[in-house]
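A short write-up of the structure that comes next.
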There are 2 protein chains.
Amino acid sequence: MDEPATANGAARPDTGSRAARPTLAAVARAAGVAPSTASLAFSGAGPVSEEARTRVLAAAAELGYGGPDPRARSLRRGRSGVIGVVMDERLSDAFRDPVNVLTLDGIAEVAGEAGTSLLLVRSPLDDAGLVGPLVDAPVDAVVLIGCNVRIDPAVAVLRRRNIPVVAIEADEIEGAVPVQLDNREASRRAAAFLRDLGHTAVAVVTLPLDGTHQRGPVSAEREAAGIAHTSLERLRGVRGVYPSAPAWEAAGSSVEEGRIVGAALFAADAPRPTAVVVQSDVLAVGVISAAFDAGLRVPEDVSVVGFDGIPVDDSLFHRTPIRQLTTLVQPFVQKGQAAARAAIAMLEGAPAQPAAFRSELRIGDTTAPPPAR
Amino acid sequence: MDEPATANGAARPDTGSRAARPTLAAVARAAGVAPSTASLAFSGAGPVSEEARTRVLAAAAELGYGGPDPRARSLRRGRSGVIGVVMDERLSDAFRDPVNVLTLDGIAEVAGEAGTSLLLVRSPLDDAGLVGPLVDAPVDAVVLIGCNVRIDPAVAVLRRRNIPVVAIEADEIEGAVPVQLDNREASRRAAAFLRDLGHTAVAVVTLPLDGTHQRGPVSAEREAAGIAHTSLERLRGVRGVYPSAPAWEAAGSSVEEGRIVGAALFAADAPRPTAVVVQSDVLAVGVISAAFDAGLRVPEDVSVVGFDGIPVDDSLFHRTPIRQLTTLVQPFVQKGQAAARAAIAMLEGAPAQPAAFRSELRIGDTTAPPPAR
DNA sequence: TTGTAAGCGTTATCAG
DNA sequence: CTGATAACGCTTACAA
């Protein structure tokens, strides 16, 4: 972290070793036209005679001018053409989770069509509430994705800056346009499905309840102190059917993590559950793996329900008897698209466009009636 | 964090959607100081009396000023604090490949420490050679990652703009700082290892040779027309030991793709290879899976060597007899870090810092002598 | 320490 | 269709 070395103290900011780039004004001068005409020649927005245009382009080529500087353009236009995407994990972790990737894909698709690019920002909320890179970055709008941490401060800052904020599956936030999923209701449906199969001993494996990456049984206090909207809603959904279902918190969403938590779960002193509701497919795969390792058959001895409907089950189950996970399929990509659309709409001055999506229970072969005892 | 409850005039009239954001000048005026002082109060870079600072901050809070506008700041400073990362795939595909993710992670780590954020840009090279979003985005430097397409035009444009370019594993490009990997030499070593084991019938499964996502046997013409530096180099490495090894091109880097190509490979009329050199671990997993499906044991009937050394072998092999892939382990994360460092160094005016890394052959349990026949 | 002034490179406006 | 001119909001050398 060295100090940027503008040490030579020149009058202009960047008079370092780099050759000064010609400006549009210089091109105009060389072409013998006014700056405004040169500008029009490049932006294409406005009437320019064919002759003037070619002269400008020629002069540009001559001088090695690469087109208008985006920085100046964004100042002048008040727009940078960039949408910030905020995630609250290290990028490597975030990218490892198909949910984020698919959502991002939806965002990227819509953003790309609109000619805007994506600025990746790790959620910048230190304990101090610092909002660093997020506010120093030239973004026109921000999409908050997978928020396990308290984001209100960030939203507050962005609001003050008049930067539209879209929050995917966040708690109700003042000033952020929500893109919601029926997490609670969907989880309730999954639980009801298990209940109808006859299950009475149901456990839950939750996604992280906050940004601290803790792992283990979820105490009442921990649950009450939880912040992560999605995890809590999904948990509440199950609790609507099984009010006292024990819950285990995973420290992340990965197969390995699911395996660890699953191992603990099946090894616990408590009576073994006959069904486990897992808050993500990736975790569910790990839990299933742990079940096998513990000598349990799925679904004969224990049923497992996932969440997400990620399309990679084939590879993950390839050498197991399982063909398809029972899970709640959610429309990630569409969620991402909706978020991007909402963001773009807002920065064009259109009214907020909240969105809400439903998950569908897809019944695979990881659920069955509980074993006769 | 809350609005100061100055009872009299604090409430800003909420002027509909177009509430003009206050400027630093306005804040300075309200605080009774000069703009420059207000600027220093925010940037922290320069001497400001405690009293002035608090007055400025108070005025800012009063007016709902959220800090200096990054757009204006970047124009003035000639820097936006953003590094562009260019990938030549759809983001969803790119993120699905651990190689990209890990590289990106290395980039993000270094960039984050330097206070710069990452702008994700899909490689914009239409057949027309358009370079759209890449040049309109306010980036200080660009890192090209995983380039299967011809990137010269993009680099040319960026050069003209004085934007430093770092290319990871690209062919030698005028004006781009290279971050290289010993693809050819490493592949040669892997091939030599197989030769020493006694293999004579060796096939290659390649990564895409260009951006067209073709799949199938690699003809001499196709090979000659190939663009993707990495794939070609790795292929050449094997050819250094097995000059006429048949090659099959995969249409991407995924387990599923590996399985498809592997199935074709093992079903082909040609004599079955006793060893397969696969250009990525992800593909290799698929090839191994295909081998099992074809009734072949790995490594007894067929040896498989991968490339990359991605750290997820455990999950992928979890229900197979295989514990570890024989592969060439490359330092992705360090590559990403080096790329980011090079980019940052350049935009600070430092001389170019090319980098080159080595891959290590890690011998797992997917390779063995060929079956006695 | 603080104030003054001069841009940074564009684009929008409006008159010719 | 073209040209002069005024911002866009901020930073920073330099003077006070």
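Here the structure is a predicted model, which is why all the values come from computation and not from measurement. Convention: sequence-line order gives letters A, B, ...; per-chain numbering from 1.
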How many whole angstroms separate atom [atom1] of [X] from atom [atom2] of [N]?
X: B:Asn162; N: C:dG9; atom1: CG; atom2: C1'; value: 14 Å
X: A:Arg71; N: C:dT11; atom1: CZ; atom2: P; value: 14 Å
X: B:Arg29; N: D:dG9; atom1: CZ; atom2: C1'; value: 12 Å
X: B:Arg77; N: D:dC8; atom1: CZ; atom2: P; value: 21 Å
X: B:Arg79; N: D:dT11; atom1: CZ; atom2: C1'; value: 14 Å
X: B:Asp69; N: C:dT10; atom1: CG; atom2: P; value: 18 Å
X: B:Leu75; N: C:dT10; atom1: CG; atom2: C1'; value: 8 Å
X: A:Arg161; N: D:dC8; atom1: CZ; atom2: C1'; value: 16 Å

B:Arg73 has its side chain closest, among D:dG9, D:dC10, C:dA12, to D:dC10

query = B:Leu24 has a side chain; which of C:dC8, C:dT10, D:dT11 sits nearest to it?
reply =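 So the nucleotide nearest the side chain must be D:dT11.
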
For A:Phe95 and B:Phe95, take the angle between the two ring planes, folded into 0 to 90°, and tell me which bin it lands in: parallel under 30, tilted 30 to 60, perpendicular over 60. parallel

Side chain to side chain contact (heavy atoms under 4.5 Å, CB included), that's the test. Do A:Val82 and B:Val82 meet it? Break it down for me. CA-CA 11 Å; A:Val82 174; B:Val82 174; over 6 Å; no

Less than 3.5 Å between a donor and an acceptor, one on the side chain of A:Arg76 and one on the base of C:dT10, is that the case here?
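Looking at the base of C:dT10, it does not pair with any donor or acceptor on the side chain of A:Arg76 (distance under 3.5 Å).
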
So, is A:Thr23 near the phosphate of C:dG9, with a side-chain N or O under 4.0 Å from OP1 or OP2?
no

Any side-chain heavy atom of A:Ser39 sitting closer than 4.5 Å to one from A:Leu24?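 Side-chain contact under 4.5 Å: yes.
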
Legend entry - B:Glu348 side chain reached by B:Arg79 side chain, heavy atoms, under 4.5 Å: yes

Q | Working for side chain to side chain contact (heavy atoms under 4.5 Å, CB included), residues B:Val155 and B:Leu144 | A | CA-CA 9 Å; B:Val155 174; B:Leu144 269 26; 3.9 Å; yes

- For the side chain of A:Gln180 and the backbone of A:Ala170, is there at least one donor-acceptor N/O pair under 3.5 Å apart? yes

Bend of the helix from C:dT1-D:dA16 to C:dG16-D:dC1 from end-axis comparison, five pairs per end, nearest 10°, comes to 30°

Between protein and nucleotides 14-16 of chain C, what N or O pairs are separated by less than 3.5 Å?
none

Could you list the donor-acceptor pairs under 3.5 angstrom formed by side chains in residues 54-62 of chain A, with sequence neighbours left out?
unit_1	atom_1	unit_2	atom_2	d
A:Thr54	OG1	A:Glu50	O	3.1
A:Thr54	OG1	A:Glu51	O	2.8
A:Arg55	NE	A:Ala31	O	2.8
A:Arg55	NH1	A:Glu51	OE2	2.7

Expected list for residues 68-78 of chain A: side-chain donor-acceptor pairs under 3.5 angstrom, two or more places apart:
unit_1	atom_1	unit_2	atom_2	d
A:Asp69	OD1	A:Arg71	N	2.7
A:Arg71	NH1	B:Asp140	OD1	3.0
A:Ser74	OG	A:Pro70	O	2.6
A:Ser74	OG	A:Arg71	O	3.2

Task: Test log, rule side chain to side chain contact (heavy atoms under 4.5 Å, CB included), inputs A:Arg21 and A:Tyr65 - done: CA-CA 7 Å; A:Arg21 201 168 77 77; A:Tyr65 177 75; 3.7 Å; yes

When every non-hydrogen atom of B:Pro138 is compared with those of A:Pro138, the smallest separation belongs to CG-CG, 4.3 Å

Name all residues meeting the side-chain contact (heavy atoms from CB on, under 4.5 Å) criterion together with A:Ile163; count only those two or more places apart in sequence or in a different chain, and write none if there are none.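 Scan of A:Ile163 (side-chain contact (heavy atoms from CB on, under 4.5 Å), adjacent residues dropped) gives A:Val139, A:Val142, A:Leu158, A:Arg161.
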
| Around A:Arg53, counting heavy atoms of other residues, nucleotides and ligands shown, do more than 12 lie under 6.0 Å from its CZ? |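 More than 12 heavy atoms, drawn from other residues, nucleotides or ligands, come within 6.0 Å of this atom.
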
Report, one pair per line, the protein and nucleotides 2-5 of chain D atoms (nitrogen or oxygen only) whose separation is under 3.5 Å.
unit_1	atom_1	unit_2	atom_2	d
D:dT2	OP1	A:Ser49	OG	2.5
D:dT2	OP2	A:Ser49	N	2.6
D:dT2	OP2	A:Ser49	OG	3.4
D:dG3	OP2	A:Ala34	N	3.0
D:dG3	OP2	A:Thr37	OG1	3.1
D:dG3	N7	A:Ser36	OG	3.0
D:dA4	N6	A:Ser36	OG	3.1

**Asked** Counting any heavy atom closer than 4.0 Å, what does B:Tyr65 reach on the DNA or RNA strands: base, sugar-phosphate only, or nothing?
**Response**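 Touches sugar-phosphate only.
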
